[in-house]
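What follows is one structure encoded as C-alpha cells, with my remarks underneath.
Quantities reported herein were computed from a predicted structural model and do not represent experimental measurements. The chains referred to below are lettered A, B, ... by the order of the sequence lines, with proteins before strands, and numbering in each begins at 1. All heavy atoms count here, side chains included; hydrogens, waters and symmetry mates do not.
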Amino acid sequence: MPSRPRKYWLMKSEPDVYSIDHLAKDGKAEWDGIRNYQARNFMRDEMKVGDLVIFYHSNAKPPGAAGVARVASAPYPDPTQFQKKSKYFDAKSSKDDPRWILVDVEFVERFDELVGLGDLKGDPALEGMLLIQKGQRLSIQPVDKKHFKRVLTVAGAKTKVS
DNA sequence: GCCAACGTTGGC
DNA sequence: GCCAACGTTGGC
C-alpha cells in the first residue's frame, strides 16, 4: 500500500534530444540535466516510485503530450554534474554535497497521437493546468489528478487511473 | 530566428 | 538585499 496518494506529474523533454520513442526503446532513463531548483525539488522531495508522469514534447513541431511514464527510483545525485565533459557539468557541486538530484523514469505508454499544446489550451476541462499558463516554463511540474485523467482520456490512453 | 518570460549571477 | 545584465526556455 502506498503511504500517500499517488501524485501526478508532467515532465518536458525536447524530442530531438530525448523523445517518448527513446524512452520506449530504453525502457528506463535517468532524468538528467535538470538545472532548475524548483524542478529538482520536485524530484528530490515529492516524487515517489510509482507516480505517473505525462511525457511532454517541448520545442517540438508540434509541442504536446506524447505519452505516459512512471517514476522508477528514489532520488539520487545526477551523475552528469560531476562529468567535466558533460554540458551539465557543475563545478560548484561536490560529491559530499551534490547540488543536482534526479530520479529514474520508466516507459508506460506512447499515445497513438500526440495531444498538441493547442488542444490542451483549448480544452475547458484543463482550465488552470500549470502547463498552459502564460510564461510557464518549468520543466517538471505537478498535475492535478483531474487534469491528468483528462489528458489520458483525450489521448485515448491505455493507461488507467483509478 | 525572434522574443517574452523567467531564473540566476554578481557588483555594489 | 537590490537590481541590472545575462542566459535559458520554449512557443510561434
Side-chain angles (χ1 to χ4, degrees), chain A residues 7-26 29-47 51-71 75-105 107-144 146-148 150-157:
Chain A
K7 290 186 182 178
Y8 299 91
W9 305 95
L10 179 144
M11 297 169 95
K12 299 179 184 175
S13 185
E14 301 190 17
D16 290 348
V17 179
Y18 199 82
S19 71
I20 189 74
D21 290 322
H22 289 113
L23 185 63
K25 178 167 158 288
D26 296 342
E30 294 181 325
W31 205 262
D32 61 15
I34 298 299
R35 296 294 179 270
N36 169 283
Y37 290 104
Q38 225 181 325
R40 176 204 66 184
N41 292 349
F42 284 133
M43 290 197 287
R44 186 187 63 186
D45 305 332
E46 301 206 36
M47 283 186 173
D51 283 358
L52 290 174
V53 177
I54 292 169
F55 194 109
Y56 179 86
H57 283 176
S58 64
N59 253 325
K61 292 176 187 175
V68 180
R70 186 192 294 116
V71 176
Y76 62 97
D78 181 342
T80 63
Q81 70 196 300
F82 305 122
Q83 295 163 3
K84 283 214 170 84
K85 286 182 180 164
S86 169
K87 65 182 274 201
Y88 300 121
F89 176 68
D90 184 349
K92 293 179 179 171
S93 186
S94 72
K95 294 203 171 179
D96 290 340
D97 186 19
R99 179 180 290 194
W100 304 112
I101 302 294
L102 55 66
V103 296
D104 292 346
V105 165
F107 178 75
V108 175
E109 81 165 288
R110 179 192 193 283
F111 296 150
D112 290 336
E113 286 189 48
L114 180 123
V115 183
L117 181 60
D119 293 337
L120 299 172
K121 283 181 171 172
D123 187 342
L126 295 177
E127 197 181 339
M129 190 179 182
L130 217 52
L131 177 76
I132 57 183
Q133 304 309 303
K134 181 176 161 65
Q136 208 302 124
R137 351 171 282 190
L138 197 57
S139 64
I140 297 178
Q141 40 185 273
V143 177
D144 288 351
K146 65 174 188 287
H147 291 154
F148 193 95
R150 175 63 182 171
V151 172
L152 261 51
T153 300
V154 172

Report task. Specify the separation, in whole Å, of atom CG of A:N59 and atom C1' of B:dC3. Result -> 13 Å
Query raised in the report: To the side chain of A:Y37, which of C:dG11, B:dT8, C:dG10 is closest?
Result: B:dT8
Query raised in the report: Which nucleotide in the set B:dG7, B:dT9, C:dC12 lies at the smallest distance from any side-chain heavy atom of A:R99?
Result: B:dT9
Query raised in the report: Quick one: is C:dC12 close enough that its OP1 or OP2 comes under 4.0 Å of any side-chain N or O from A:K121?
Result: yes
Query raised in the report: Rounded to the nearest Å, what distance is computed from the OH atom of residue A:Y56 to the C1' atom of nucleotide C:dG11?
Result: 8 Å
Report task. Check every strand shown and say whether A:K61 touches a base, only sugar-phosphate, or nothing at a heavy-atom separation below 4.0 Å. Result -> nothing
Query - hbond_proxy A:R35 side chain to C:dT8 base (donor-acceptor, 3.5 Å cutoff) - result: no
Query raised in the report: For the side chain of A:L117, counting heavy atoms from C-beta on, which of C:dG10, C:dG11, B:dT8 is nearest?
Result: C:dG11
**Report entry** From B:dA4, B:dT8, B:dC6, nucleotide with atom closest to A:K134 side chain
**Finding:** B:dA4
Report task. Can you spot which of A:K95, A:R44, A:R35, A:R40 makes a salt bridge (Lys or Arg N to Asp or Glu O under 4.0 Å) with A:D78? Result -> A:R35
Requested in this report: In whole angstrom, give the distance that lies between atom CD of A:E14 and atom P of C:dC12.
Outcome: 15 Å
Query - Main-chain N/O of A:L102 paired with A:E30 side-chain donor or acceptor, under 3.5 Å - result: no
Report summary line: A:E46 and A:D51 have their tightest heavy-atom pair at O-OD2, 4.0 Å
Requested in this report: In whole angstrom, give the distance that lies between atom CD of A:Q136 and atom P of B:dC6.
Outcome: 9 Å
Report task. Evaluate whether atom CD of A:E113 has more than 12 neighbouring non-hydrogen atoms of other residues, nucleotides or ligands under 6.0 angstrom away. Result -> no
Requested in this report: Calculate the interatomic distance between A:L114 atom CG and C:dG11 atom P; express it in whole Å.
Outcome: 11 Å
Report task. May I ask you to verify if any side-chain N or O of A:K92 is less than 4.0 angstrom from the OP1 or OP2 atom of B:dG10? Result -> yes
